[in-house]
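Letters go in sequence order (proteins before strands), and every chain restarts at 1. Keep in mind the model is a prediction, meaning the values are calculated, not measured.
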Protein chains: 2
Amino acid sequence: MNQIANSAETRERLIQAAIQLFGEHGFKGTTTRQLAEAAGANIGSIAYHFTNKHGLYLASAAYIADELHRRLAPPPLPAPTDREASLATLRTLVARMVHTFTEDDDCRQWLLLVIREQVSPGEAFDILQARAFQPIQMTLSALIARLTGRDPDDRRVILETHTLVGQIVFFLVGREPLLRRLGQDGYDAATVAEIEALMAAQLARYA
Amino acid sequence: MNQIANSAETRERLIQAAIQLFGEHGFKGTTTRQLAEAAGANIGSIAYHFTNKHGLYLASAAYIADELHRRLAPPPLPAPTDREASLATLRTLVARMVHTFTEDDDCRQWLLLVIREQVSPGEAFDILQARAFQPIQMTLSALIARLTGRDPDDRRVILETHTLVGQIVFFLVGREPLLRRLGQDGYDAATVAEIEALMAAQLARYA
DNA sequence: TTGCGATTTAATCAATTGATTAATACACTC
DNA sequence: GAGTGTATTAATCAATTGATTAAATCGCAA
């Protein structure tokens, strides 16, 4: 191998540091010196690998998008006529989302960056939308469409998909107020199981 | 009147500018000079009225909390035994939340500040929690508890309340991806009506 | 009007910011 | 081992940052 190996390592460490720091303090709240130090790299490395601070930000967004897609990747859809299989796929997908948004600490790091792009969408939003949101959205819509006998582009299907996702995502977004109400400081296995059961009950209406 | 009138005006303009700018660019992303200019005030006014930039941030959070509470204020609860009235109150509350989160442009400005406090809760989070989240949370829980014949502190009730709120809030948080999927650039009256109908259908299970 | 505290203003401060530079160290080929 | 292009480093730059200061202005009471 050539020296690109070493280069790729620095690149990777910078992206990891960027995700953590951008996620915690935002874009302007994170300095290039913090990034370099956290990555064990030099300030100049940022310019060398990503042109500038914003380039590193975009690279982080792309990394997050790919990780999200990897975790919530749409499974191969069953035959459109097989209702039972479609429902099973939907259940699996929902369960995976619940686990990801409650138990995966990485997701919490990503949240602020993702939300910021929702509030004022920039270049990073397009990356997230294309690589993560859209595929998941489409898969869920397709499944719900089959189960309700509607068209996947039916507005009712789109809105129902949205409320389904919203319920789950809110365990990540509204995590803090919920945990305080529950008197806990984290989602333990029992709580996650309760949430899963709750969502499974929700899906019963598609059965 | 004494000169406090003029002082209060400057204070108010600073808070309004702060909500807009902090909401759009975050705390570090907003400079004191931007704040002063947007408020038509002098940089020194920030220190005079709020000690420092962070003090202005806290004042903005308090303002947002009060506005949220004002919009979603818990109506007087009906007699605990009156199921019909409880359901009607819940419907009203949900409808009001839908309208607020879809049609109220102010809410979109507040979102980033609120989410940031969820991600890394600071002093501002406690203000939001105490003045806005908690009262709404408690009211909804109380209503759902009555309608399901459970205790308001029952974990199942708490979690169900959370999913209910999550569905609605996600029309604000996940606004951008949804609108793209719908091929619209905003929530028109017809769409809001559809959402309202969808949520009303959700509440049918409590009937 | 005069006086007095409250408020606003312009100027200035030290510190930090993102970016750039030239020099150096590195990995690999010939 | 010399040569070459890649990657890293330390030092430096101009610009911007939040905060502070002393002076100026304001509103009202005596």
Atom CD of Glu12(B) to atom P of dT8(C): distance rounded to whole Å? 14 Å

Distance check needed: dT9(D) P versus Tyr48(A) OH, whole Å only. 13 Å

Between the protein and nucleotides 18-20 of chain D, list the N/O to N/O atom pairs that are separated by less than 3.5 angstrom.
| residue | atom | partner | partner atom | Å |
| --- | --- | --- | --- | --- |
| dG18(D) | OP1 | Thr30(B) | O | 3.2 |
| dG18(D) | OP1 | Lys53(B) | NZ | 2.6 |
| dG18(D) | OP2 | Thr32(B) | N | 2.8 |
| dG18(D) | OP2 | Thr32(B) | OG1 | 3.0 |
| dG18(D) | N7 | Arg33(B) | NH1 | 2.9 |
| dG18(D) | O6 | Arg33(B) | NH2 | 3.0 |
| dA19(D) | OP2 | Lys53(B) | N | 3.2 |

Holding to salt bridge (charged side-chain N to carboxylate O under 4.0 Å, His left out), I want the full list of residues that pass it with Arg205(A), two or more places apart in sequence or in another chain. none

Keeping to residues at least two apart or across chains, list the salt bridge (Lys or Arg N to Asp or Glu O under 4.0 Å) pairs with something in residues 110-127 of chain A. Asp126(A)-Arg180(B)

Contacts satisfying salt bridge (Lys or Arg N to Asp or Glu O under 4.0 Å) that involve residues 19-38 of chain B (not counting sequence neighbours) are none

Would Tyr57(A) and Phe22(A) count as a ring pair (Phe, Tyr, Trp, His ring centres under 6.0 Å) here? Give the steps. CA-CA 8 Å; Tyr57(A) 178 77; Phe22(A) 284 144; 5.4 Å; yes

With sequence neighbours left out, what residues match Arg131(A) under salt bridge (charged side-chain N to carboxylate O under 4.0 Å, His left out)? Asp66(A)

Which residues pass the salt bridge (charged side-chain N to carboxylate O under 4.0 Å, His left out) test with Arg91(B), sequence neighbours left out? none

Check the distance between dA6(C)'s P and Arg11(B)'s CZ and give it to me in whole angstrom. 16 Å

How close or far is atom P of dT9(D) from atom CD of Glu37(A), stated in whole angstroms? 13 Å

Check the distance between dT16(D)'s P and Leu35(B)'s CG and give it to me in whole angstrom. 17 Å

Just the rounded figure in Å: distance from P of dT7(C) to NE2 of His49(B). 7 Å

